[in-house]
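One structure is given here, and the rest of the page talks about it.
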2 protein chains.
Amino acid sequence: MPRVKCPKCQQPERILKSGIVRNKQRYYCKDCDYHFVIPSARKRTRETSARDTGATSLRDIARTAGVSIATVSRALHDHPDISAQTRSFIKSLADEMNYQPNMLAQSLVNRSTHTIGVIIPNLNTTFFSSMLSGIQQVCARSGYRVVICQSDEDHNTEIANIQALMNNMIDGLLICHTLHTDTFEHLRMQMNKRIPIVQFYRVSEDLPISKIHADDEAGAETVTEHLIAKGCKRIALLLGPKNLSITQKRLKGHLQALKRHGVTLDRKLLAHVDFSHEKVTRAVDHWLKLSPAIDAIFSISEKCAVQIIGHLKKKKIRIPRQIRVVGFGNEYTGEIVEPQLTTYDVRTREIGEEACRVMLEQLISGNREVVDKRIAGKLIVRQSS
Amino acid sequence: MPRVKCPKCQQPERILKSGIVRNKQRYYCKDCDYHFVIPSARKRTRETSARDTGATSLRDIARTAGVSIATVSRALHDHPDISAQTRSFIKSLADEMNYQPNMLAQSLVNRSTHTIGVIIPNLNTTFFSSMLSGIQQVCARSGYRVVICQSDEDHNTEIANIQALMNNMIDGLLICHTLHTDTFEHLRMQMNKRIPIVQFYRVSEDLPISKIHADDEAGAETVTEHLIAKGCKRIALLLGPKNLSITQKRLKGHLQALKRHGVTLDRKLLAHVDFSHEKVTRAVDHWLKLSPAIDAIFSISEKCAVQIIGHLKKKKIRIPRQIRVVGFGNEYTGEIVEPQLTTYDVRTREIGEEACRVMLEQLISGNREVVDKRIAGKLIVRQSS
DNA sequence: AACCATTACGCAAACGTTTAAGATAGATAG
DNA sequence: CTATCTATCTTAAACGTTTGCGTAATGGTT
């Protein structure tokens, strides 16, 4: 046995082996009644670890300035307890040493990250990204940061994203649900935490959570009335999944318009799809076989409306002569496609801005009142109708 | 003076006032030689503060389980030191109490957030968002999270985003610079930190940082050769700002193609723009006045190419009869516009994926080798040429 | 001289984790 | 029976901040 000294009495006598723990020999000094191992070299100490990240910490500044950490922290935060001299000295020193505060540590003690999280279904179209722009602009003005997670229209990804963000990463959550989110238990579970949640665009009906959405019902009613005014009687309606609130609302608006103008509803003219390319094509092809023939297609998805125009053109169907096509949303592609798409502008950017404003109001004033706002849009008539 | 007791000797005698600090009366006990204030009620204690956030912590679990915090932590991490009984007990308890680890605290001690940050110029087109999709998909497979910041093509926002993210929020940074980023000092300053950086698509030339980009030079050469093959002699080239690496590379490719095929360059056919709507329109209008007339427009921005098609159509110019138009990038809008746009597919998604792969390789294996990869794209010929 | 105010600091606890290493009981070997 | 081993705990330091409160020095009033 190598001469092992007891760390207490410094004597090598009366030392016994005392088992192996995690592959390391342990010893026992009978004199001192003390168990120990020979300490490993890589034990963390403030010296070695400071070099670990390469970043300067408050401690580094304090040491070179010859003051306490508290003083440095206060100087950098303009606390009145610190003399003007010390303050400016510390500040210039921090600058020199390129100090940048560790936000994790700050957030941990402040219990706030000054960051709001956004969960959004996808960024493949300008539709959602323009909401994002609105959010970011409002946030930037208030000094908040934005982090974005794409759920990719996948319910489980949405859940994973929520959990990741809600575990103290953000001060508030802005969420727009996936196409397939029909249960909101995952959200309800998070509601007992102190962090406010605001839903936007695609919202849940019954949860007591603030929500900002489009005027789906009135909008759809306006669109259908526009088609009826153009003389359409056989209006096919392309809808999203039944669970989706926007599907329900827009259908309702459509039905109201029909009813008001005495147009009878043909259930065959309603199609629920998941907005995928083939499902849309199939739905349209099915409509085209109907008799009496349809004279309009109203797609509650702008993207699908554009796709439908392409499909009809391939079939040599004249737009708007034979069939009028209208979308809902107002995206950039609607202006590019030929004929240009008539659509309902849901003012996505404003929805984002307003959702963010409501969030900031809750964060800053601590006001936890549940608000439910509808952003009014407007019809944009173009060539396709 | 109210009867104030000394916290040490519990006697109200011999207590003197000793100044006011921050609006609070201070006292001094002559017996104990001890200064004190009457402590404020809202002093933080583990009891009150635990309730503060409403979240269960390891301490809460430890207390109700009657074990130490260390044991709980180890049980949840399947550390072998913990007995099977204890482990399953703790786990079920944690489940019951709806425990979710505080990621800030975890990251602080682990020095890793398991998150990679992406800074991207904008999300207004599918161009960048498809890179994002690639990034997210690769990340998801490795259990990393993604946070996204939009710089909005603004240099200062880019700097602010970098600083925010690099202060310990992320393990690695993926960045695509703004249109106007011509100095990279802000990036160089971050390079001494341990956080790896990978540039993608728009990269800097001289910084020793890993980069993934398109085959800009070869791509542009291919496009121009395609136009030459179609008989074009007067090819106008719409470029981005001169500082941009993609501008330089694509121009170089264009020139090579001209040279190889003996087409002489007319400097009037080159235009540098910031991709804004009016600048592009102005450039095109200027070209249209030239003589001999131009017979093709090659825009290195896909979005501008689509815009140019719209502009030429408005002027009743036949595409591709009078002027052939080609873009670079391959976005969704290129398929929608009429005539459909010939373009060079830069495989944006693959660029994102590869950038992310390189990053993960650096994070996981610790390999800090600087890589510089070009993703090969390919020409997509459509109606506009 | 006795008391009180003010200024400008330092100490240490707290935020919620992770993780060396110390401790202890019971089992096993010689 | 003694020395050692194993399994399973607990203790405490560390991550980098913020902040309540203690305190020394100095100066001003009675």
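Remember, it's a predicted structure, so these values are computed and weren't measured experimentally. Below, chain A is the first sequence line, B the second, and so on; all start at residue 1.
- Side-chain N/O atoms of R59(A) include none lying less than 4.0 angstrom from OP1 or OP2 on dT17(D).
- Of the two residues contacting DNA chain C, namely A105(A) and Q106(B), the nearest-nucleotide position lying further toward the 5' end is that of A105(A).
- Aromatic pair H155(B)/H186(B): ring centres closer than 6.0 Å.
- Comparing the start and finish of the helix from dA1(C)-dT30(D) to dG30(C)-dC1(D), five pairs each, the helix axis swings through 70°, to the nearest 10 degrees.
- Listed nucleotides dT18(C), dT19(D), dG16(D) differ in distance to N110(B); the shortest reach to its side chain belongs to dT18(C).
- H114(B) places its NE2 atom 18 Å from the P atom of dT17(C), with the value rounded to the nearest Å.
- When distances are taken from the side chain of D81(A) to each of dC9(C), dT17(D), dT19(C), the shortest belongs to dC9(C).
- For the pair S73(A) and dT18(D), the criterion of a side-chain N or O lying under 4.0 Å from OP1 or OP2 is met.
- Checked against salt bridge (Lys or Arg N to Asp or Glu O under 4.0 Å), D78(B) has the following partners two or more places apart in sequence or in another chain: R87(B), K91(B).
- For Y99(B), there are no ring pair (Phe, Tyr, Trp, His ring centres under 6.0 Å) partners at least two apart in sequence or on another chain.
- Partners of R141(B) under the salt bridge (Lys or Arg N to Asp or Glu O under 4.0 Å) rule, at least two apart in sequence or in another chain, do not exist in this structure.
- If you take CG of N102(B) and P of dT17(D), they are 17 Å apart, rounded to a whole angstrom.
- Comparing T71(B) and L108(B) by the nucleotide of DNA chain C that holds the closest heavy atom to each, the one mapping nearer the 5' end is L108(B).
- Checked against salt bridge (Lys or Arg N to Asp or Glu O under 4.0 Å), R74(A) has no partners two or more places apart in sequence or in another chain.
- Atoms NE2 (H79(B)) and P (dT19(C)) sit 8 Å apart, rounded to a whole Å.
- In this structure, the CG atom of L104(A) is 13 Å from the P atom of dT18(D), given to the nearest Å.
- Between the side chains of D171(B) and S112(B), at least one donor N or O lies within less than 3.5 Å of an accepting N or O.
- In this entry the distance linking CG of N168(B) with P of dT17(D) reads 8 Å, nearest Å.
- Here the side chains of I209(A) and V198(A) are not in contact, with every heavy-atom distance at 4.5 Å or above.
- No hydrogens or angles considered: nothing links the side chains of Q199(A) and S210(A) as a donor-acceptor pair under 3.5 Å.
- Remark: S107(A) OG to M169(A) CE distance equals 8.5 Å, nearest 0.5 Å.
- Side-chain atoms of S57(A) lie closest to dT17(D) of the nucleotides dT17(D), dT10(D), dT18(C).
- When each of L58(A) and R74(A) is assigned the nucleotide of DNA chain D bearing its nearest heavy atom, the one mapping closer to the 5' terminus is L58(A).
- At whole-Å resolution of the value, CD1 in I61(B) and C1' in dT17(C) are 12 Å apart.
- If you check every strand for non-hydrogen atoms under 4.0 Å, I69(B) touches a base.
- Rounded to whole Å, the distance from OH on Y28(B) to C1' on dA5(C) is 16 Å.
- The CE-C1' distance, from M103(B) to dG16(C), rounds to 13 Å in whole Å.
- Near DNA chain C, defined here as any heavy-atom distance below 4.0 Å, the residues from residues 82-95 of chain A are I82(A), S83(A), T86(A), listed numerically.
- At the heavy-atom level, P101(B) lies under 4.0 Å from the strands shown only through sugar-phosphate atoms.
- Side chains of E361(A) and N367(A): a donor on one and an acceptor on the other come within 3.5 Å.
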